[in-house]
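This report refers to the structure that appears directly beneath it.
Computed from heavy atoms alone, side chains included, the values below leave out hydrogens, waters and symmetry copies. Every chain is numbered from 1 and lettered A, B, ... according to where its sequence line falls, protein lines coming before strand lines.
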Amino acid sequence: MKLLFISVFLLSISSVQAASIYAGKSKAAVVCSQCHGVRTTSAEAPFPPLAGRDKEYLKMALRQYRDKTRLSEIMNNIAGSLTDKDINNIANYYSRQK
Amino acid sequence: MKKIIKVNQTLMAGVASLFLLAGTVQAKSDMHQLYEDNCASCHGSDHGGYIAPAINSETLKGRSPTALRSLIMTGSFETLMPPFYGRLKDADIRAMVKYLQSTPKQNNPPWTIKDMKKSLKIYVKDESTLPSKPIYQIDSMDDLIGVAARGKYGRGNGSKAIFINSKTHKIVGEIDTGTAAHIIDFDPANSRWAYVKTDTAEIYKVDLFSMKAVRSIKTGYNGPALGVSRDGKYLMAGSFVPHNAVILNSDLEPLKLIELEGVDPDGKMVSSDSGMIIGTPFADIFAIALENAGQVWVVDLKDGFPITKIKNVGRHLHDAFLTHKGRKLMVASYDDSIVIAIDLKTRKIIKKLKAGCVPHVGGGAAVKVNGRTLGFGTNFGTCNNNTVVSVWDLDKMEVVKQIPVSGGTESPAAHANAPYVAVDIITKDRRARTIQLIDKKSLKVVKTLDVGGHAYFPEYSADGKFLYVSAGYAGDEVVVFDSFSLKKVASIQMESPAGIFSRGRVKYMTRGLSPDEME
C-alpha cells in the first residue's frame, strides 16, 4: 500500500529557506494542514491536532514515523521524506501556533 | 490533552476497521447513499460536477484505481478536496472508486414544489417571541459581517454561517448549516433578517437579533444562487441540480417554480444551470442568469410573476453586479470573455465589454474616481499567463484598462473610504495564499499580501476601515487587515472559511460605491 501521491508531492515542494519558522510554515501550510489544520483540526476528522503541542514531542513523533518505530500508513509515508531540518522547522512552527 | 486522547481513540478505531472490513461487498444503492452523504455537495448529485470536477464513468475512464484511492484518502493538497482517510472505511473507498468508474452522469433528479414544501422546517414557531433588538453589543447592524465557514468536509459540525462584529472582530453568532454555507444575503428592508444558502440548496432564514435560524427549506440538490427583493418580501433561489429556480415569500413558502430552459446563442435548445440571481434597489424585480442558455430573465414581482427573456447575452453566463442605482446589470460570460451591460429598465443589452480570461466578477466592485464610476472585474482564467483585472468606465460603458495581476482572480473588494481595491489570486500554487491591492487612482498593483491558507473573498467592513480575507481550504482563519496600513490586526478561527458578506452591502449595493447616496 504505497501512497506515491504524497511522496511525489512532498519532493516537489521541499524548500531550503534559512528562516526556520517560515520554512516550517510553508511546508505545514501546504501539506500537514490538509489533515491537521493550522490551528484546529476539523470537527469531523480523526486527525490529532498539532498546534501548540510540545516541540520536543512533535520532533520525536516525526522521527519515529520516519524510521518506522511508530507505525501509521499515512504518517510513515509523509515523514519518510522529511529531513532533520524539515522536522525542526515544522515542530518549531506548530509548537508556536495557538 | 483530553481532546487529543479522544481523537486518537477514534483514529485507532478507524484504522482498525480499515483492516477488519476490507472485503465487505457493497450494494450499489448503498454506494449511491455514501456518495450523497459525502461527495455530492461538491461533485454534484448527478455526478456532473459542481464546485468540484465531474466524477463519473466518462471523466474517470482509464484512471488507475490505486491512484484514485490514494487521492480520496489524502485529499488533494491546496484544493477543497478533503482527506477521507479514517473517515470512510478503506473497503468503502475502494468500492467507491469502482462505483464512480462505472456510474455515468445521472439525469437530473426531480425536486418539485411538493418536495420543497415537505422539506420546510420551522425552528421558531412564534416569531413575536424573538428579541426586539440585538442581544449582543453592536453599534449598527451594518457592522455585521457574515462568513460562510464551509467545514473541511463541506458538511457536518464544521459547516456554519458565522457572524462577526466588524468593529471588534469578535464572533457574535454562529448558525449550524449542516452542509457548507455558500451565500449569505441580507434583507435590505429589515436589519433583523439574513438568509443563508448551502451547497446542497437549503435556505436558512436567520434572526440576526437572537442569532438563531427560524426556518429552513431545501430548494434543490445543488446550487448557490439566491436573491432577496428590495422590500424583503420575496426570495428567489436557483439550482444546478435540477435545472430550475423558485420564488419564495419571506416565510420560505415556495410560490412559483420556473424551469430553466431556452435557446442558446448557437441556436440550440438547452436545459440550463442557474447562474446568479439578484434583487435590485431599482425595482420590484429579480434578474437571473441562465448559465448554459446564455439568457438573462427579468421576473416582475407581481401577479403571476411574468418573465421578460433577454436572449443572446453570452455563452456560459455566471455572475453579475449592479450599477447606476441598480438600473444597470453587468453580467460575466465565461466562454466569450466578455461582460455584458444590461439595462433593467428597457430590458435590453446596452453593450458587450471586453474582459480578461474567463470573467468571474464575484460580487463586483465599483468606485468613483475623479468623477468617473469605474467597475472592476476579476477573471478566473489564466490564458497564456495573461492575467488581468478589467476596469470599465460604467457611465460611458467602455474599457479603461486591463490591469496585470499575478494570477487568476475570483472576487474584488472595494469601499468608498478605502484606498485600495483588493483582489484574490487563486492560481493553484503559492500565489493562492495571496491577495493583491490595486490603487484606485493609479490603477496599478501596489502591494501583495500573504494571507495564508487559500486566500479568497476579500471584503471591507461597512465603515471601510478593515479588510477581511478568508484563509480557507486547509487554512482555518479569517484574517483582518487595517485598510490603510495593511497591517494584520486580527485573526478569527473557523473551519475552511470561504465567502464573506458585509451587511453594509445592502446600503451601497455594489462594493465601493458610497453608502450615503446610492449610486
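Here the OG1-NZ distance, from A:Thr41 to B:Lys152, works out to 10.5 Å after rounding to the nearest 0.5 Å. Annotation: the span from A:Ile78 atom CD1 to B:Thr74 atom OG1 amounts to 8.0 Å, rounded to 0.5 Å.
More than 12 heavy atoms of other residues, nucleotides or ligands shown are found within 6.0 angstrom of NZ on A:Lys59. When the shell of 6.0 Å around NZ of B:Lys428 is examined, it contains 12 or fewer heavy atoms from other residues, nucleotides or ligands.
Checked by atom type and distance alone, the side chain of A:Glu44 never pairs as donor or acceptor with a backbone atom of B:Arg155 at under 3.5 Å. Within the 3.5 Å criterion, the main-chain N or O of A:Thr40 finds a donor-acceptor partner in the side chain of B:Asp476. A donor-acceptor distance shorter than 3.5 angstrom exists from the side chain of A:Gln34 to the backbone of B:Met81, with no hydrogens or angles considered.
Scored by the ring-ring contact (aromatic ring centres under 6.0 Å, His included) test, B:Tyr468 finds B:His169 as partners (sequence neighbours excluded). For the salt bridge (Lys or Arg N to Asp or Glu O under 4.0 Å) test, residues two or more places apart in sequence or in another chain that qualify with A:Arg39 are B:Glu477.
Contact count versus chain A (heavy atoms, under 4.5 Å) is highest, among B:Arg87, B:His454, B:Met494, for B:Arg87. Ranking B:Ser496, B:Gly156, B:Gly158 against chain A, the residue ahead of the rest is B:Gly156, based on heavy-atom pairs under 4.5 Å.
Looking at heavy atoms from C-beta onward, A:Phe47 lies in side-chain contact with B:Pro83 at the 4.5 angstrom threshold.
Neither the backbone nor the side chain of B:Ser159 comes within contact range of chain A; no heavy atoms are under 4.5 Å apart.
Minimum heavy-atom separation, A:Pro46 to B:Tyr85: CG-O, 4.0 Å.
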